[in-house]
Amino acid sequence: MQLKRTVNCGELTGNNVGEEVILNGWIAKNRDHGGVIFLDLRDRYGKTQVTFNPDVDGEMASRAKRLGMEDVIAVKGVVQTRPDGNINTGMPTGEIEVLVSELEILNEAEPLPFLISDRETGSEELRLEYRYLELRTKELQNFMQVRARTYQAVRTLLSDEGFMEFETPVLMKSTPEGARDYLVPSRIHVGKFYALPQSPQTYKQLLMISGYDKYFQIVKCFRDEDLRADRQPEFTQIDIEMSFVDQDDVLALATRLARGVFSEVLGVKLPAVFPILDYKEAMETYGSDKPDTRFEMPLVEFAAYAEKADFGVFKDVLASGGRVKGLILKNAADKISRKVSDGLTEWLKTYYGIKGLAFFKVDGNGLMGGISKFFEEELQQEIINDFTLETNDIMFFVSDSEAKTLQALGALRLELAKRESLIPENEFRPLFVVNFPLLDWDEDSGRYIAMHHPFTSPRPEDVELMTSDPAKVRARAYDLVINGYEVAGGSIRIHTREMQNRMFELIGMDEAEAEARFGFLLKAFRYGAPPHGGIAFGYDRLIMLLAGTDNIRDVIAFPKTTSAASLMDDAPSTVSEDQLKELHIKLIK
RNA sequence: GGGAUCGUAGUUCAGCUUUGGUUAGAACGCCGGCCUGUCAAGCCGGAGGUCGCGGGUUCGAGCCCCGUCGAUCCCGCCA
């Protein structure tokens with residue numbers, strides 16, 4: 001190319017008038033007036049209007065006439081103020097334009113599948129196929145900038161705290177617990193497989209044993225599970241581990257990191273101390289272990305009133321060990337028509353498997369509609385007083401097993417808040433959820449499984465329960481939740497071989513299996529393992545929050561679809577017979 | 001593994017249980033023409049369709065039925 005840029009497309013202002021400059025970029029828009037031609041030239045720094053006048057060079061103007069959107073060009077010209085009344089106050093460079101004296105056409109573009117100026121002109125399917133074009137859009141360029149700035153902020157903050165950055169293997173040993181592994185066949189070791197890491201968990205624990213007491217890594221993790229709007233098969237974590245620390249130390253570090261990133265990237269000041277919520281309390285109050293606390297609407301206990309009412313459904317559930325809980329939507333009863341409540345009921349039944357959704361409304365005289373008729377006058381007044389109900393409030397109830405009741409009401413709480421626009425935007429509400437159960441009973445395999453992972457240590461005061469009542473054991477595990485997203489999660493680890501063996505035993509892994517799977521880690525524990533713990537931030541979710549989007553694909557340069565495919569390069573794909581043969585793999589059927 | 005929604009010019013959509021019926025429309029983009037101060041430029045004209053794919057019902061299917069593929073959202077799953 002002849003004309004190499006001397007400035008970018010976002011930096012020229014009135015101060016540059018008279019300067020001769022060269023601009024390189026893509027044509028964002030062409031406006032051909034027959035004589036004078038205007039092109040908006042774009043790069044990732046901004047847009048500048050470049051002007052062709054046939055009086056300057058007729059041949060060049062006719063070449064410019066042919067140019068279309070997204071052609072790549074280089075122009076040389078003089079910066080001039082736009083004529084009176086033609087200043088565009090809507091753009092930073094709107095005061096000036098470049099009157100072109102030389103034009104070099106670097107590459108012409110074919111008609112586009114969608115407009116770079118408006119992402120919405122293409123379906124997501126199409127945009128993913130042409131991801132490199134979507135990445136030219138202003139919106140995605142912003143998202144990628146946020147992502148890039150966050151990498152830098154994290155590295156600076158953690159380095160300043162004395163953390164060392166590591167890389168751990170991507171080809172590792174398959175682990176039996178947790179998510180499904182992505183497997184990589186070994187050519188050299190016939191019939192054997194590597195796994196891609198679900199997280200570098202064991203490596204970072206080994207690094208603690210090696211004495212690197214403050215470790216971090218920005219690392220890709222892989223989980224072969226079904227996807228969601230906030231889940232990708234490969235995703236990035238800020239993985240952190242520390243030695244000689246307790247839970248408070250890790251939470252404090254996570255707080256400093258989160259505050260630093262939000263301040264550095266967004267200029268937002270998060271509170272100096274994040275609220276800490278007990279897991280049990282989170283479930284009872286919000287029906288979720290990752291509550292969105294930007295709005296209230298807590299779940300309330302209703303069993304005592306249900307006992308006194310003449311409503312068989314609630315009583316039967318309570319008698320069989322279930323729960324009755326409710327939530328109050330203030331001043332919106334008039335918006336919940338029969339059609340709306342039926343719709344909510346159907347939705348909860350289908351997705352959360354509950355048997356029904358009950359409600360009543362409040363008017364000047366007492367309760368009305370729904371299940372109000374099952375409550376005596378006196379009981380109605382008691383409910384109105386106890387829950388300080390007012391006219392036009394509506395109270396919803398779910399009565400089912402504990403797990404279903406909490407989950408369904410938690411989902412309803414979010415849905416109602418969305419519908420009623422009760423969630424403030426541009427606000428961030430971080431909190432820690434702590435004291436997760438150590439174990440979870442798995443119906444399918446008829447055994448306990450580790451709720452977090454099998455290296456999570458129990459709270460010291462709960463160790464006795466490991467023998468007497470394992471389900472009650474609380475873990476030294478914690479999550480950082482912001483606006484309803486699980487942004488980070490971690491735990492204080494087990495660091496003695498005895499406790500680790502006990503844990504394996506509890507989750508039904510016998511010594512031989514534990515030895516085969518984690519023998520290397522157990523062996524390492526024998527050579528002086530320090531107490532340690534850590535936390536991992538879901539990097540993509542963090543960026544979603546910082547960038548203000550609710551779609552994880554928006555913050556990943558080349559994301560995959562819900563079926564874990566890449567529409568752009570068509571991965572995964574079939575491979576040749578030769579490749580398979582080398583790996584000693586034969587496809588069945 | 002399950003449920004829901006969607007699939008019609010290059011693209012976004014309308015048309016689909018109001019009635020299944022001649023030639024499937026609009027906008028943006030694209031191509032051509034006019035136009036020397038626009039910035040969503042304007043005006044005139046034009047090209048562009050296997051209605052995702054397969055089967056069925058029917059004299060006749062974009063429309064009704066069954067299957068299938070893909071995208072999205074959700075439940076299960078995701079330590």
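A, B, ... follow the sequence lines: proteins, then strands. Residue 1 opens every chain.
- Between Val36(A) and Leu126(A), the residue anchored nearer the 5' end of RNA chain B, judged by the nucleotide with its closest heavy atom, is Leu126(A).
- Once the 5.5 Å centre distance and the 30° plane angle are applied, the aromatic ring of Phe38(A) is found stacked with the base of U38(B).
- Taking the P atom of each, U58(B) and C65(B) are spaced 16 Å apart, rounded to whole Å.
- Atom name C1', nucleotides C59(B) and U22(B): the rounded distance is 15 Å, in whole Å.
- The Asp226(A) side chain lies nearest to C77(B) when the options are C28(B), C77(B), G3(B).
- Of all nucleotides present, only C69(B) satisfies the Watson-Crick or G-U wobble test against G7(B), with each distance under 3.5 Å.
- When the nucleotides C77(B), C73(B), C35(B) are ranked by their closest atom to the side chain of Glu225(A), C77(B) comes out on top.
- In this model, the phosphate group of A40(B) is not approached by any side-chain N or O of Ser117(A) to a distance below 4.0 Å at OP1 or OP2.
- For G29(B), one of the phosphate oxygens OP1 or OP2 lies less than 4.0 angstrom from a side-chain nitrogen or oxygen of Lys29(A).
- Counting only heavy atoms from C-beta on, Asn88(A) has its side chain closest to C39(B) among C39(B), C35(B), C30(B).
- Judged by centroid separation below 5.5 Å and plane tilt below 30°, His33(A) does not stack onto the base of G37(B).
- Residue Lys560(A) is out of contact with every strand shown, counting any heavy-atom pair closer than 4.0 Å.
- Contacts of Asp118(A) with the nucleic acid, taken as non-hydrogen atoms under 4.0 Å apart, are absent.
- Candidate nucleotides G3(B), A71(B), G37(B) were compared by shortest atom distance to the side chain of Gln80(A), and G37(B) ranks first.
- Judged by distance alone with a 3.5 Å cut-off, a donor-acceptor contact links the side chain of Gln49(A) to the base of U38(B).
- Remark: the Arg231(A) side chain and the C77(B) base include a donor-acceptor N/O pair separated by less than 3.5 Å.
- One cannot find a donor-acceptor pair under 3.5 Å joining the base of G7(B) and the side-chain atoms of Glu125(A).
- The residue Asp55(A) sits close to a base: some heavy atom pair falls under 4.0 Å.
- Ionic pairing of Asp40(A) and Lys47(A) is not present here: no N-O contact between side-chain nitrogen and carboxylate oxygen is shorter than 4.0 angstrom.
- Checked against Arg493(A) for a side chain to side chain donor-acceptor pair (under 3.5 Å), the options His453(A), His532(A), Gln500(A) give a single hit: His453(A).
- Picking from G70(B), C39(B), U72(B) the nucleotide with the shortest atom distance to the side chain of Arg553(A) gives U72(B).
- Of the candidate nucleotides C39(B), C75(B), U36(B), C75(B) has the atom nearest to the side chain of Gln407(A).
- Here the side chain of Ser563(A) is nearest to one of A71(B), C28(B), U36(B), namely A71(B).
- Using modelled atom types, one finds a donor on one side chain and an acceptor on the other under 3.5 Å when comparing Tyr215(A) with Asp239(A).
- The aromatic ring centres of Tyr132(A) and Phe558(A) sit 6.0 Å or more apart.
- The partner of C77(B) is absent, by the rule that a Watson-Crick or G-U pair needs both atom distances under 3.5 Å.
- Distance from the side chain of Asn53(A) is smallest for U36(B) among the nucleotides A71(B), A41(B), U36(B).
- The base of C78(B) lies outside donor-acceptor range of the side chain of Arg223(A), with no N or O pair under 3.5 Å.
- When atom types are taken as modelled, the side chain of Arg541(A) and the backbone of Tyr485(A) share no donor-acceptor pair closer than 3.5 angstrom.
- The nucleotide whose nearest atom lies closest to any side-chain atom of Glu124(A) is, among A40(B), U72(B), C39(B), U72(B).
- Across all strands shown, the partner of G32(B) is C44(B), judged by Watson-Crick or G-U wobble contacts whose two distances both fall under 3.5 Å.
- When rounded to the nearest whole Å, the span between CG of Asp224(A) and P of C78(B) equals 12 Å.
- At a cut-off of 3.5 Å, with distance as the only test, a side-chain donor of Ser457(A) or Arg476(A) sits close to an acceptor on the other residue.
- Using a 4.0 Å heavy-atom cutoff across all strands shown, Phe114(A) reaches no nucleic acid atom at all.
- Nucleotide C16(B): unpaired (no Watson-Crick or G-U wobble partner with both distances less than 3.5 Å).
- At the phosphate of U38(B), OP1 or OP2 sits under 4.0 Å from a side-chain N or O atom of Asn86(A).
- Counting non-hydrogen atoms under 4.0 angstrom, Pro113(A) reaches the backbone sugars and phosphates but no base.
- Comparing atom distances between the Tyr352(A) side chain and each of G37(B), C74(B), A71(B) picks out C74(B) as nearest.
- Distances shorter than 4.0 Å separate some side-chain N or O of Thr562(A) from OP1 or OP2 on C73(B).
- Centroid-to-centroid, the aromatic rings of Phe436(A) and Tyr279(A) come within less than 6.0 Å.
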